[in-house]
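Presented below is the structure to which this report refers.
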Amino acid sequence: MIIDRRTGSRPEHLRTDLTSWVVGPYHGALPGPMRVHLKLDGEVVVAGVVETGFLHRGLEKALELHPWRSTIPYMDHLDPESAVFGELVLCLAVEEIVGIVVPPRAQRIRVILAELTRLSCHLGFIARVARAVGSDTMLHYVLRDREKVLDLLELQTGSRASLNFLRFGGVVADVTEGFMERVHETVDMLRVRLKEYNDLFTFNRAFVKRTANVGIISSEFAKHLGISGPNARAAGLPYDVRKSYPYCGYDQLDFHIPLGKGEGGTQGDALDRFLLRLREIALGIDLLKQAVESLPRGPFWKESLMDNFEVPAGEAYVRVESPRGMLGCHLVSDGGKNPSRVQFRVPTLPLLQAVPDLLVGGRLEDLPVILASLDLGIAEADR
Amino acid sequence: MKPWMSAWDGLDVFPAGTPEWAVAASIVGFVYFFVIMPGAGFMAFLDRKISADLQARIGPNRVGLAGLFQPLADLLKLLQKEKRIVSGWREAFWLGLHTMALYSTVAVLPLGSMFLLVDTDMSAFMLFWAALILALGTMLMGLNQGSIPGWFGGIRVASQALAGAFPAMIGMICVGLRAGSFRWSAVAAAQGSSPLHWTVFSDPFQFIAFFVFLASGMVLLGISPLDGGLSVPDIHGGVSSHLYGRRLSLFRLGRFYGFFLWSEIAVVLFMGAWNLPLFVTDAIRNYSTPVALEAVELLVLLVKTGLVMLGVTWVARANPRIRADQITDMAWKVLSPLSLMALIGTTVWMIWVNH
Amino acid sequence: MDTSDLIPRLEEAVPGAVLEVRPFGRGGEISVWVEAKSIQKVAQAIRKDVDFSFDWLENLSVMEVDKALVLTYFLRSQEKGHTLYLRVSIVPDSPEAPVEMLSVVKTWPMAKLPELEASDLFGIRFVGNPVPGSSSGRFILPRGWVGYPLRKSYVFPTEFLNIPHTRPTGHTEPDDYGVVT
Amino acid sequence: MESVFTSVLKYLREVYLGVKSILTSCFTALPYLFNRRSGDLHKEVTEQYPDPVSSRTADDLPSRSRGLLFNDIDRCTGCKACEEICPTKCITVENELGTEASKVWVAVFDIDMSRCMFCGLCVEVCIPQSLVHTKEYEGAAYYPRDLVISFGRGRITPEQRTKWAAIRQAKEAEETL
């Protein structure tokens, strides 16, 4: 005899109800500690709410408590996967306030490190999408190639992820011998591997079926929420901070920005975001080749600034193109020993606002694919 | 001796007076302990080794020579993780479910010319009754967990079982048409030992029927490339998400058994069951006992099954998974029409070619 | 069409709102100080303006400058690429008290999460942008957290939900971390 | 409405494309099975860590690799520059006056490796360059307190302190003569 739990009596007619399920904060499908409250009608997602804050560690408060010289290592932990961009944005902000002109060789070394970190971040993205779609083989191939890129970073800076290699006014040390040849080798190897990824994965009908028309970000929706970076370019918006606000000598390198064309599905779906990352890896390969060949001579650091480093009162807002989007830093200094206020414009925040709208209408199995295809950096969203 | 047990006469292992139930029980016990358990162990090792090689990894190499005893180590590890033996109706219910999911098909297995446990006219169709019980058991196990991932896993397994059953049956009927009857011995007899005489290569429609049969088996039992009910990324294991210790090892054995059952039947139906070249059978018959002949036949059968299983694992490892609803769409919209096409094609081929 | 041409047009649209125009840092950008209570009208005026349609709130940054909370709206128009920095300053009654502020979510939807973050870390209640779901009004910080961390006057708590952060004194042998309190 | 023939053709093409792409993926992964790939691709990439076969032992890490810290106490002048700049405050230095005015006896020099983030700032500011990064990366311990590495010369007893003070005065008296 069926008793209706709410009313406690026999129900007049049997009815179906929505399943509510809380996914997180620790779950295989999530790119980081976040919580998604799902309302499911059978397998179809009806409503979703995203809850974050699990990785809040008070980075901006910590920066206010440290002298200028000890803030750089903290910047690696803004987004651990693309560490150098945190350092870069803080150094550019400080250099704008103090008015230091960074020597061209140091700028070029910064560009090389930035592009290498972008490659490793995009390869990490492809590995996550492969795992979300269920192909462990692709995951292992991609992580194997990512190791080669991380070895390069370790050769140059001494650490694979948190580099701590940039200083206000330049970089810590010059290029180690043998670094240039290793970059050429790794870059050529990656070009060959891109073909292998395409054979194994990109044109696989199962993968296309799993990602086409899933989690569609149209260009209006991207403009509506201010989404930037590869996810916006996949939707067709030609934003790239390297082109609109050139920094570190990017205007001397000629490169075009790839845009999503909507092959195999509508423009701006998960497949487009994946294909765009592949094109950005190819673009990164060309950029690295140009940057390495035309490395200018000269000092790598504007005389040793580190001992009694003072930043006069002032403020600056600087933008940088990180692998996840436009990373901005609003730095305010009151002339004291510590920075007065450091605030970051983070590319993942608008994406977190967009996730509920992307999930609705999709099925439960699309949740990992959508979350992986957005390349959410939870560490930088919670700061 | 019942007619459907007549095949055992050749095996003069049992003394004359033993009752039938004792013979059946001993055969089922023998099959379980000496064919399925070692098969499961070896195939689990081979599957992990092949996947490791495919993915540029090392794979198990700790236990025994090149990791050969790794499955044994896994089994012992899982068994000792048992919290405490919880008696009561829930445990009994679960064990009942699991035996239903695992052992309902042992009686149906054809394992050689003299090792046919049930060899009736409709024995090939018993396979479906058994496979559906297997799927039903897995579904109930998922719903029994009382957790949302388990619930979703169970429902997906049920939807896939429905979708996979139809094309599999049609695929099998094509074989029955060619062999003239659905008796295991007749099906085996209709095929020769050399690949040219296998059903698969006898005519193009049988070739399509083979792949349809294999694919729909994967859909029906949720085997690795099409395992919507056990998908890891979103419902972290689905039916097996809350199993641990003894139950997990039994569940894994159940998953393997489903896979082994279907590929073994595919070999018997399509790939020249256990037929040995004539001179080999004559030689063994003259010089040694029928049990040896049966052993050689069983070996050939198991080797072919292993190859089929490795082929399926290779496809599973190299490709991404598709969604559960896409699996059922594929079953209804692709496998079913293909199986019907194969059925019509076989009949036309037999009438047109044989006369 | 430099952004400075926008200022006179803004003054007629919202009389008395623009307080002051000052350069922003070294970059040649200008920052426009606006009254707190007319921020929504100014936002609508800027968004609707034909030549300057600032439809992208790139960044919302809050800082504490000697007891006043200064909100900086970094605006950008996606077609023409102009940038404008709006500044609003509000003074809370006491260093620890929350303060009210009008929300601009209606004009720029991407302001939702930065405003929620500012409400959690700086104690600014945005009218019209409530914290979804949690009744405790906390978005990033755990429920029941006391105080607003990014304020200069913030004192680090020694315990949370009456669980002390440091070990009570009086122990003789060192703990796992080798610390004898 | 497209004719039945074109929709059937589209359906068959879809099935054909699906099977072909599944097979291309399979045959791309196949060479790994028989180690036929070119270059260093074919060998396994993962390594069993404790086995000696592991290629990444400490000696072939790059020269700048930042491992556990080591301080050569003889060259260390106890200037506490590293203590100030360390972001996570994990270096504690305590000095005592040595036998001569110029000599400093570094009594305690502890680095709490469980809190160190290997940023390398301390090595950068160390003037006598006594504090360096080794290539050692195995920092596992049973208790966090075991991770506190100490390089100090050890605390001195009050008697030693008075004795050394006497020696210092004697030396100063000699120089003033």
Side-chain angles (χ1 to χ4, degrees), chain A residues 19-24 26-31 36 38 40 42-45 127-145 147 193 196 199-212 214 271 274 359 362-372, chain B residues 47-48 50-59 143 146-160 215 218-219 222-238 240-241 313-330 333-334:
Chain A
T19 322
S20 69
W21 186 24
V22 177
V23 180
Y26 177 77
H27 187 273
L30 300 171
V36 183
L38 286 179
L40 296 158
E43 287 243 358
V44 177
V45 177
R128 268 196 303 277
V129 169
R131 185 184 167 285
V133 166
S135 163
D136 286 348
T137 315
M138 180 65 173
L139 170 87
H140 288 283
Y141 290 176
V142 171
L143 290 187
R144 166 198 62 194
D145 305 335
E147 281 305 308
R193 290 293 163 66
E196 181 183 275
D199 293 348
L200 178 72
F201 202 67
T202 320
F203 302 118
N204 186 321
R205 296 299 297 176
F207 176 69
V208 169
K209 259 175 104 68
R210 258 320 271 283
T211 47
V214 163
L271 181 61
F274 181 83
L359 289 180
R363 303 186 73 88
L364 178 59
E365 284 177 288
D366 292 337
L367 172 77
V369 177
I370 293 174
L371 289 183
Chain B
D47 164 63
R48 282 180 62 169
I50 299 287
S51 325
D53 282 354
L54 273 180
Q55 296 167 353
R57 288 187 283 119
I58 289 182
L143 307 186
S147 73
I148 290 186
W151 186 271
F152 275 110
I155 299 294
R156 283 188 196 162
V157 161
S159 63
Q160 273 187 240
M218 283 197 268
V219 169
I223 302 170
S224 61
L226 304 169
D227 50 1
L230 295 132
S231 85
V232 172
D234 56 342
I235 47 173
H236 48 76
S240 67
S241 59
T313 314
W314 171 36
V315 170
R317 284 286 167 243
N319 290 294
R321 301 283 182 277
I322 52 177
R323 282 200 320 241
D325 62 311
Q326 286 165 344
I327 294 173
T328 41
D329 281 358
M330 182 186 85
K333 294 179 188 156
V334 174

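Values in this document were obtained by computation on a predicted structure and should not be read as measured data. Within every chain, numbering begins at 1; the chains are lettered A, B, ... in the order of the sequence lines, protein sequences first and strands thereafter.
- In this view, Trp151(B) satisfies the ring pair (Phe, Tyr, Trp, His ring centres under 6.0 Å) rule with no residue, not counting sequence neighbours.
- Note that CG of Leu371(A) is 10.5 Å distant from CG of Asp366(A), once rounded to the nearest 0.5 Å.
- The side-chain hydrogen bond (donor to acceptor under 3.5 Å, both in side chains) search around Thr202(A) returns Asn198(A), not counting sequence neighbours.
- Only the backbone of Ser20(A) comes within less than 4.5 Å of a heavy atom in chain B; its side chain stays farther off.
- Partners of Tyr141(A) according to the ring pair (Phe, Tyr, Trp, His ring centres under 6.0 Å) rule, which considers only residues two or more places apart in sequence or in another chain, are Tyr32(D).
- Both the backbone and the side chain of Leu364(A) come within contact range of chain B, judged by heavy atoms closer than 4.5 Å.
- To the nearest 0.5 Å, atom CZ of residue Arg128(A) and atom CG of residue Leu30(A) are 12.0 Å apart.
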Between Leu271(A) and Phe207(A), does the side-chain contact (heavy atoms from CB on, under 4.5 Å) criterion hold? Intermediate values first, please.
CA-CA 9 Å; Leu271(A) 181 61; Phe207(A) 176 69; 3.6 Å; yes

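- Atom CD1 of Ile370(A) and atom CD of Glu365(A) lie 12.0 Å apart (nearest 0.5 Å).
- No other option in Lys209(A), Arg363(A), Arg131(A) has as many heavy-atom pairs under 4.5 Å with chain B as Arg363(A).
- The part of Asn204(A) that comes within reach of chain B is its side chain, from C-beta onward, which places non-hydrogen atoms under 4.5 angstrom from that chain.
- Residues of residues 322-330 of chain B that come within less than 4.5 angstrom of chain A, heavy atom to heavy atom, are Ile322(B), Arg323(B), Ala324(B), Asp325(B), Gln326(B) in numerical order.
- Note that the CD atom of Gln55(B) and the CG atom of Leu139(A) stand 8.0 Å from one another [nearest 0.5 Å].
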